[in-house]
**Q** 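Below are the structure tokens for one structure; questions will follow.
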Amino acid sequence: MSKILLLTLIFCVITISRVFAQNADAEVIQYSKLCVVEKDKLVQTDSVIIQINNRTGDKYAEISIPYSKPDVVSNISARIVSMDGKTVRELKKNDIGNKSAISEMSLYEDDFVRYFQLKHNVYPYRVTYSFQTTYKRFITIVWWTPVLNSEVPVRNSRLIVRIPKEMAFRKIENNTNGFSIDTTSDHCRLQWNASYDKPVKPDIFSQAEKYLPYVIIAPLNFTYGVEGSMESWKTYGNWQYRLIEHEGELPESEKKAIALLIEGVKDHKEIVRILYHYLQDHTRYINVSVGIGGLKPYPAAYVSQNKYGDCKALTNYLKAILKEAGIESFYTNVYAGEQPRDIIPGFTGPQFNHVILAVPLSGDTIWLESTDNTNPFGYVGTFIQNRDALLVSKDDSKLVRTPALQKKDVLSSYTLEFEVSVHGNSRVVLNMSLKGHDFEMFNQLHNEFTNDEKDRLIREFMPFDNYDVLSWELKKQHRDTAGIELHAILDLYKLLQPLGTEYCLSLFRVRLPSFSSPANRHLPLVLPFPVYHSDTLIYNLPYGFAMKTKPDSVTIQTKYGNYSRTLNCIGRKILVTETVELFAAAYSMDQYVDFYAFVQAVKDVETKKIIIKPSN
């Protein structure tokens, strides 16, 4: 390449980067990933050039490299480079930290992060870094997306995979370009290019991962603990079955404890309940992924002795104690999270991040979450509901669907009684009955937080702008009740707004998620479970006051949801009942326009105020 052409290209890159910089706090100029499979070992090398355009973008100069034992991260190098190509600073070995990537649910985790930061005070500047990760055991060769952060554009990225020529593999790709493949006498070399110039901003209830560029490559046949195949879900499930089939032995002391627990109990569902409670009361969730533990659980005997385990180990242990009680159950893989991820069609393999237990009983199936010590028995919450899962069974593994939450499962109802005052604060008594997502949030608060933390969070939760919490109480009837109650008494400021001798009263509004307008939404709407609220509002007006005009009752019925509000006045008491329901469904961007129009119609009704006046 001539010097003139090279200088021209460099000038173009810098010019383009500075144009882009007007809109981005930081941008990835180049991201390259090289994956090499050789002698049953996988080595991945990542090289990144990220440009920091202003002070706000400095946070992207804080680099984290996640890894798990026994993977090895090595050859970390980094430097700051000015825009004229000069090295400002080199990363030193003692600049690199290491910490456990511990989550709120876990006492200990075997996931770690190597981290460092390289910041400069002259903008723009570039951080160039690279590192190498070595895997001695692997089931996928690469699950790659060039997106390092959803807010940061990626101008150029490249994936190169080199595998032995004789290795059969499966691949799937999305939103990439420039694919090429070359073969030599020994190796096969695959290359993809991709960019992420217009970051996909995740909207509420959306599946952003569908629209990202990605490449997944996995060997058709592999050895991970035992030999396996990704030819079909049946063969992949058989591999998982063989991986765990000898891990269910229990010590004699545990067998005796189980026999004592269920002595005289004949009903199988009640036996499952007793043993599920036993699991919850005597074990703790810890995310351990040592050895091949990323996909293989620790033995049931290990959990019995140590009283802890990750989702795989606890599920395997629960399966073992149910087997000891004569009840069959199935180890089941699922992708857990409030927003479900669809299984990628046509690609058999590890598309899951969690394990639960399926227990078929008399034509019904009980689904058990083993990692949550406060989960009601058989409760299928927002974390695992309504999604594909791989049920592992000898020679009969298959994709199944977890149950979907219905409107009765997510109903949150409020009863609020107001003592309205024209002279000072108004008193309100709240009685909240919470299910679904609200239940899960407050159930965790009820069981896992200190009293001081509860008090602070509950005070912040109250659905008013200006108030003082006088008292509150959380109540749960039973450990297996999938609902919780919150009772509180508040003083409200400025509930009434004076209008001469009359007053304006704003009614309490139903709760709806914060949906953006169609003009500001970027992705189709995927509502994974219904939204259902039903409220009763009682307003005791001040003595000597009455409602000036009575608003009409309102009913709105659409294919997206329903809303109703009725209002009656008895003496000085105003009684309002209102319900709102959003249906669980997926809506295209065109359909979202009408969906949003329904939401706005509800809000328009809710913003209308009541005028009260002296009755004399």
**Q** What's the shortest heavy-atom distance between Ala584 and Pro530, and which atoms?
**A**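 Minimum heavy-atom separation between Ala584 and Pro530: CB-N, 3.7 Å.
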**Q** For a quick test of reading the model, state the closest non-hydrogen atom pair linking Tyr335 to Arg387 and the distance between them.
**A**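 In terms of heavy atoms, the two residues are closest at O-NH1, 3.0 Å.
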**Q** Indicate the ring-plane relationship of Phe205 and Phe529, choosing parallel, tilted or perpendicular according to the 30° and 60° boundaries.
**A**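 Correct class here is perpendicular.
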**Q** Would you say Gln477 has more than 12 foreign heavy atoms packed within less than 6.0 Å of its CD?
**A**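 Counting other residues, nucleotides and ligands, CD of Gln477 stays at 12 neighbours or fewer.
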**Q** Examine Arg521 relative to Phe595 and say whether NZ or CZ is less than 6.0 Å from the centre of the six-membered ring and inside a 45° cone about the ring axis.
**A**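 No.
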**Q** Using a 4.5 Å cut-off on heavy atoms from C-beta on, say whether the side chain of Tyr592 contacts that of Pro518.
**A**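 A side-chain contact exists here, since the closest heavy-atom pair is under 4.5 Å.
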**Q** Could you tell me whether the side chain of Thr365 reaches within less than 4.5 Å of the side chain of Pro360, counting heavy atoms only?
**A**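 Yes - at least one pair of side-chain heavy atoms lies under 4.5 Å apart.
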**Q** Are any of the side-chain heavy atoms of Ile271 and Ile327 separated by less than 4.5 Å?
**A**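 Of all side-chain heavy-atom pairs linking Ile327 with Ile271, at least one is under 4.5 Å.
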**Q** Quick one: does Trp367's side chain get under 4.5 Å of Gln385's, heavy atoms only?
**A**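 With C-beta onward as the side chain, the pair stays apart.
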**Q** Are Gln591 and Tyr560 linked by a side-chain donor-acceptor pair shorter than 3.5 Å?
**A**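 Tyr560 and Gln591 do not have a side-chain donor-acceptor pair below 3.5 Å.
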**Q** Do the side chain of Ser564 and the main chain of Glu578 share a donor and acceptor less than 3.5 angstrom apart?
**A**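 No, Ser564 side chain to Glu578 backbone: no donor-acceptor pair under 3.5 Å.
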**Q** Could you walk me through whether Asn386 and Arg401 pass the side chain to side chain contact (heavy atoms under 4.5 Å, CB included) test, one step at a time?
**A** CA-CA 6 Å; Asn386 195 23; Arg401 193 79 178 175; 3.4 Å; yes
**Q** Strictly by modelled atom types, are Gln51 and Arg155 linked by a side-chain donor-acceptor pair under 3.5 Å?
**A**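 No, no side-chain donor-acceptor pair sits under 3.5 Å.
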**Q** Under the criterion side chain to side chain contact (heavy atoms under 4.5 Å, CB included), I'd like the reasoning laid out for Thr382 against Met441: C-alpha separation, chi angles, the key distance, then a yes or no.
**A** CA-CA 11 Å; Thr382 57; Met441 179 173 63; over 6 Å; no
**Q** Without hydrogens or angle criteria, can the side chains of Glu369 and Thr371 be said to hold a donor-acceptor pair below 3.5 Å?
**A**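 Their side chains do contain a donor-acceptor pair, which is all the 3.5 Å distance test asks for.
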**Q** Please round to the nearest 0.5 Å and tell me the distance separating atom NE2 of His282 and atom CG of Asn373.
**A**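 Between atom NE2 of His282 and atom CG of Asn373 there are 11.5 Å.
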**Q** Does this structure show an ion pair linking Arg511 with Asp535, if we count only N-O contacts that are shorter than 4.0 Å?
**A**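 Judged by the 4.0 Å cut-off on N to carboxylate O distance, Arg511 and Asp535 do form a salt bridge.
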**Q** Would you say Asn443's side chain and Phe439's backbone share a donor-acceptor pair under 3.5 angstrom?
**A**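 Side chain of Asn443 to backbone of Phe439, a donor-acceptor pair under 3.5 Å: no, none is there.
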**Q** Between Glu270 and Arg273 (salt bridge meaning N to carboxylate O under 4.0 Å), is one present in this structure?
**A**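 A salt bridge is present here (some side-chain N lies under 4.0 Å from a carboxylate O).
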**Q** Within this structure, what is the CZ-CH2 distance for the pair Phe461 and Trp472, rounded to the nearest 0.5 Å?
**A**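 If I round to the nearest 0.5 Å, the distance is 13.0 Å.
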**Q** One pair to check against ring-ring contact (aromatic ring centres under 6.0 Å, His included): His522 and Tyr211. What are the steps and the verdict?
**A** CA-CA 11 Å; His522 307 90; Tyr211 306 93; over 10 Å; no
**Q** For Leu279, is there any backbone N or O sitting under 3.5 Å from a side-chain donor or acceptor partner on Thr283?
**A**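 Looks like yes, one N/O pair under 3.5 Å.
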**Q** Taking 4.0 angstrom as the limit, do Arg459 and Asp455 come out as a salt bridge?
**A**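 So Arg459 pairs with Asp455 through a salt bridge.
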**Q** Would you say that more than 12 heavy atoms from the other residues, nucleotides or ligands in this model lie under 6.0 Å from the NZ of Lys603, or not?
**A**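 Above 12, so yes.
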**Q** Can you see which heavy atom on Pro340 is nearest to which on Gln207, and at what distance?
**A**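 Closest pair (atom of Pro340, atom of Gln207, distance): O-NE2, 2.8 Å.
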**Q** Ignoring hydrogens and angles, state whether a donor on the side chain of Thr536 or Thr415 is under 3.5 Å from an acceptor on the partner side chain.
**A**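 No pair is found: no donor N or O on one side chain lies under 3.5 Å from an acceptor on the other.
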**Q** Donor-acceptor pair, Lys454 side chain versus His446 backbone, under 3.5 Å?
**A**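 Yes; at least one donor-acceptor contact below 3.5 Å.
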**Q** Is there a side-chain contact between Phe383 and Ile356, using heavy atoms and a 4.5 Å cut-off?
**A**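 No, too far: nothing below the 4.5 Å cut-off.
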**Q** Will you find, in the side chains of Glu209 and Tyr214, an N or O donor that is under 3.5 Å from an N or O acceptor?
**A**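 No.
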**Q** Looking only at non-hydrogen atoms, find the nearest pair between Asn175 and Lys210 and report the distance.
**A**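 Answer, listing the atom of Asn175 first, then Lys210: ND2-O, 4.4 Å.
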**Q** Just by distance, do the side chain of Lys476 and the backbone of Arg479 share a donor-acceptor pair under 3.5 Å?
**A**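 Side chain of Lys476 to backbone of Arg479, a donor-acceptor pair under 3.5 Å: yes, one is there.
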**Q** Work out which heavy atom in Val359 is nearest to a heavy atom in Val272; give both atom names and the distance.
**A**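 Nearest heavy atoms, Val359 then Val272: CG1-CG2, 4.1 Å.
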**Q** Do we see a donor-acceptor contact under 3.5 Å between the side chains of Glu485 and Asn431?
**A**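 No donor-acceptor contact under 3.5 Å links the two side chains.
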**Q** Do you know the tightest heavy-atom contact between Leu430 and Pro463?
**A**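 So the two residues come closest at CD2-CD, 4.2 Å.
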**Q** Ignoring hydrogens and angles, tell me if any N or O in the side chain of Glu606 forms a donor-acceptor pair with the backbone of Val510 under 3.5 Å.
**A**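 Such a contact is found between Glu606 side chain and Val510 backbone.
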**Q** With rounding to the nearest 0.5 angstrom, report the NE2 to CG distance, His423 to Leu496.
**A**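 The CG atom of Leu496 is 10.5 Å from NE2 of His423, to the nearest 0.5 Å.
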**Q** Does Lys269 come within less than 4.0 Å of Asp267, counting only side-chain N to carboxylate O?
**A**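 Here Lys269 does not pair with Asp267 in a salt bridge, since their nearest N and O are not under 4.0 Å apart.
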**Q** Any donor and acceptor pair, going by atom type alone, linking the side chain of Ser157 with main-chain N or O of Pro146 inside 3.5 Å?
**A**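 Pair absent, no side-chain N/O of Ser157 close to backbone of Pro146.
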**Q** Please tell me if the side chains of Thr579 and Asn562 come closer than 4.5 Å, counting only heavy atoms from C-beta onward.
**A**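 Answer no - side chains too far apart.
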**Q** Kindly say whether Lys609 contributes a backbone atom to a donor-acceptor pair with the side chain of Ser506 at under 3.5 angstrom?
**A**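 No, the answer is negative, given that no donor and acceptor are paired below the 3.5 Å cut-off.
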**Q** I need the Leu445 CG to Thr374 OG1 distance, nearest 0.5 Å.
**A**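 So the CG of Leu445 and the OG1 of Thr374 are separated by 11.0 Å.
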**Q** Quick check: does any side chain N or O of Asp203 sit under 3.5 Å from a backbone N or O of Leu523, one acting as donor and the other as acceptor?
**A**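 The answer is yes, because a donor-acceptor pair under 3.5 Å joins these two groups.
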**Q** Could you work out, with side-chain hydrogen bond (donor to acceptor under 3.5 Å, both in side chains) as the rule, every residue matching Tyr493, not counting sequence neighbours?
**A**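 Checked Tyr493 against side-chain hydrogen bond (donor to acceptor under 3.5 Å, both in side chains); zero matches.
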**Q** How are the rings of Phe418 and Phe464 set to each other: parallel, tilted or perpendicular (split at 30° and 60°)?
**A**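 Ring orientation, 0 to 90° scale: perpendicular.
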**Q** Could you tell me if the side chain of Phe449 sits less than 4.5 Å from the side chain of Gln444, heavy atoms only?
**A**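 In short, these two side chains touch, coming nearer than 4.5 Å.
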**Q** Evaluate the criterion side chain to side chain contact (heavy atoms under 4.5 Å, CB included) for residue pair Leu512 and Tyr563; output intermediate values, then yes/no.
**A** CA-CA 11 Å; Leu512 286 171; Tyr563 170 79; over 6 Å; no
**Q** Can you find a heavy atom in the side chain of Glu151 that is under 4.5 Å from one in the side chain of Pro199?
**A**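 No; the side chains remain at least 4.5 Å from each other.
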**Q** Could you state the interatomic distance from OG (Ser433) to CG (Asp438), rounded to the nearest 0.5 Å?
**A**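 One finds 10.5 Å between OG of Ser433 and CG of Asp438.
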**Q** Under a 3.5 Å cutoff, is there a donor and acceptor pairing between the side chains of Thr566 and Thr577?
**A**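 Side chains of Thr566 and Thr577: pair found under 3.5 Å.
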**Q** Can you label the angle between the His277 ring and the Phe377 ring as parallel, tilted or perpendicular, going by 30° and 60°?
**A**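 Perpendicular.
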**Q** Only one of Asn53, Asn54, Asp58 clears side chain to side chain donor-acceptor pair (under 3.5 Å) with Tyr123; which?
**A**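 It is Asp58; the other options fail the test.
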**Q** Is a side-chain N or O of Gln497 found less than 3.5 angstrom from the main chain of Leu495, in a donor-acceptor match?
**A**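 Side chain of Gln497 to backbone of Leu495, a donor-acceptor pair under 3.5 Å: no, none is there.
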**Q** Run Val200 and Val147 through side chain to side chain contact (heavy atoms under 4.5 Å, CB included) and show every step you take.
**A** CA-CA 10 Å; Val200 178; Val147 181; over 6 Å; no
**Q** Once rounded to the nearest 0.5 Å, what's the spacing between atom CD1 of Ile286 and atom CG of Leu314?
**A**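 If we round to the nearest 0.5 Å, Ile286:CD1 and Leu314:CG are 8.5 Å apart.
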**Q** Looking at Phe545, is Arg572 sitting on its ring face, NZ or CZ under 6.0 Å from the six-membered ring centre and within 45 degrees of the normal?
**A**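 No, a cation-pi geometry is absent between Arg572 and Phe545.
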**Q** Is atom CG of Asp552 surrounded by more than 12 heavy atoms (other residues, nucleotides or ligands) closer than 6.0 Å?
**A**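 No, CG of Asp552 has 12 or fewer neighbouring heavy atoms, counting only those of other groups under 6.0 Å.
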